[in-house]
Amino acid sequence: MKRIIMLMVLTMLLGCIQKTEKFEGVSAASGSIRIITLYDNNPYDERFETGFGYSSLIQAGNNTILFDTGGDSITLLRNMEKAGVKPETINIIVLSHIHGDHTGGLLGLLEHTKAPIVYLPSSFPQDFKEKVKTNAKLVEVSAPSEISKGIYSTGELGTWIKEQSLIIKSSKGIIIITGCAHPGIVEIVKKAKEITGERVYLVLGGFHLNGASENEIRNIVREFRELGVEKVAPCHCTGETATKIFKEEYKEYFIENGVGKTVVVE
């Protein structure tokens, strides 16, 4: 009898775990979602400085989220000022992976913030984590998780270079923001769909296709179409050839991206 009761309890617990992993919920914001590219090696708005790396700022509901911090804090902070973004308003920072062109601006930026929560992959070096703890609250990410209402991390993906991407629910579908897409841009999109069960409205960020063959790129575009990706806004490490092909294939659903670009999703 005791064994039967234990099995029933275990079944109930497993059911609860499965439910929490579905990430069902409303969109991140009842109003618009605003994304601005603050650091990128691709120019867009001539008022902003370019630099090799990536960072974007997301304003959704009550959250001001910085995704990656570019290669240095000086350029990042200057571009923030030009965009009218005050560092102290940032309450969440998400780092995609350990490379310096995505994390280089963090420590300098934290000197101007008010103890935001920093979400980073658990595989980051311990000494890096200790430095972050000086001016921020640290959350280590390994599995897919909810960062805030309607905003999720894919969790660590990949093997050699582990990386997380950001998922934002909107009224038009999910928005996926990638840093460098080392685990594979298609794999990231598939994971985001698996986590949310929703259609993909926009994929924005680095696609890591610089140096890829035209055939490889066209296969990725085809897979994007099969996955139902409606719009794309590639930048950073996507490469000129891949950017050109995505622009040709997506036409009016292609968004030119670079430093200073703002995308608003109503």
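This is a predicted model, so every value here is computed, not measured.
More than 12 heavy atoms of other shown residues, nucleotides or ligands fall within 6.0 angstrom of atom NZ in K82. Open room surrounds CD on E240; 12 or fewer heavy atoms of other groups in view lie less than 6.0 Å from it. Within 6.0 Å of the NZ atom in K247, the count of heavy atoms belonging to other residues, nucleotides or ligands does not exceed 12. Counted within 6.0 Å of CD on E46, heavy atoms from surrounding residues, nucleotides or ligands total 12 or fewer; the atom is thus considered open. Surrounding CD of E88 are more than 12 heavy atoms belonging to other residues, nucleotides or ligands, all under 6.0 Å away. Within 6.0 Å of atom NZ in K129, more than 12 heavy atoms from other residues, nucleotides or ligands are found, so the atom counts as buried in its surroundings.
Judged by distance alone, the side chain of N257 and the main-chain N or O of A233 form a donor-acceptor pair under 3.5 Å. A side-chain donor-acceptor contact under 3.5 Å links E163 to the backbone of H182. Between the side chain of S170 and the backbone N or O of K172, at least one donor-acceptor pair lies under 3.5 Å. Remark: side-chain polar atoms of T238 are not paired, donor with acceptor, to backbone N or O of P234 under 3.5 angstrom. At distances below 3.5 Å, at least one donor-acceptor pair connects side-chain atoms of T69 with backbone N or O atoms of L106.
F207 and F224 have tilted rings, their planes meeting at an angle from 30° to 60° on a 0 to 90° scale.
Counted by atom type alone, D40 and T37 present zero donor-acceptor pairs between their side chains at under 3.5 Å. Using modelled atom types, one finds no donor on one side chain facing an acceptor on the other under 3.5 Å when comparing T113 with N135. Between the side chains of N41 and T50, no donor N or O sits under 3.5 Å from an acceptor N or O. Checking E156 against S123 by side-chain atom types alone, a donor-acceptor pair falls below 3.5 Å. A donor-acceptor contact closer than 3.5 angstrom links the side chains of S213 and E216. In the model, S148 has a side-chain atom that pairs as donor or acceptor with a side-chain atom of N63 under 3.5 Å.
When all heavy atoms of I245 and V221 are compared, the pair lying nearest together is CG2-CG2, 4.1 Å.
In summary, R78 and E81 do not engage in a salt bridge, as defined by a charged side-chain N under 4.0 Å from a carboxylate O.
Two residues are said to be in side-chain contact when any heavy atoms from C-beta on lie closer than 4.5 Å; V203 and V189 meet this criterion. Put simply, the side chain of S145 does not reach to within 4.5 Å of the side chain of Y152, judged on heavy atoms. Contact check for I35 versus F67: no side-chain heavy atoms found under the 4.5 Å cut-off.
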Fill in: Chi angles and distances behind the side chain to side chain contact (heavy atoms under 4.5 Å, CB included) call for V259, N42
CA-CA 6 Å; V259 65; N42 296 288; over 6 Å; no
Practice prompt. Apply the test side chain to side chain contact (heavy atoms under 4.5 Å, CB included) to residues R199 and E230: give CA-CA distance (whole Å), side-chain angles for both, the deciding distance (0.1 Å), then the verdict.
Written response: CA-CA 9 Å; R199 65 190 181 92; E230 186 173 340; 3.3 Å; yes
Discussion item. If you apply the rule side chain to side chain contact (heavy atoms under 4.5 Å, CB included), what do you find for T75 with E49, and how did you get there?
Written reply: CA-CA 7 Å; T75 304; E49 298 176 37; 3.9 Å; yes
Item to complete: Go through E249 and R218 one step at a time and tell me if the side chain to side chain contact (heavy atoms under 4.5 Å, CB included) criterion holds.
Response: CA-CA 9 Å; E249 294 290 335; R218 291 198 183 280; 3.0 Å; yes
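Judged by the 6.0 Å distance and 45° axis criteria, R225 is positioned over the aromatic ring of Y250.
Taking the six-membered ring for Trp and the full ring otherwise, H236 and H208 have centroids separated by 6.0 Å or more. Side-chain rings of Y39 and F48 stay apart, their centers remaining 6.0 Å or farther from each other. The aromatic ring centroids of H97 and F124 lie 6.0 Å or more from each other.
Contacts of F254 classified as ring pair (Phe, Tyr, Trp, His ring centres under 6.0 Å), with partners at least two apart in sequence or in another chain: none.
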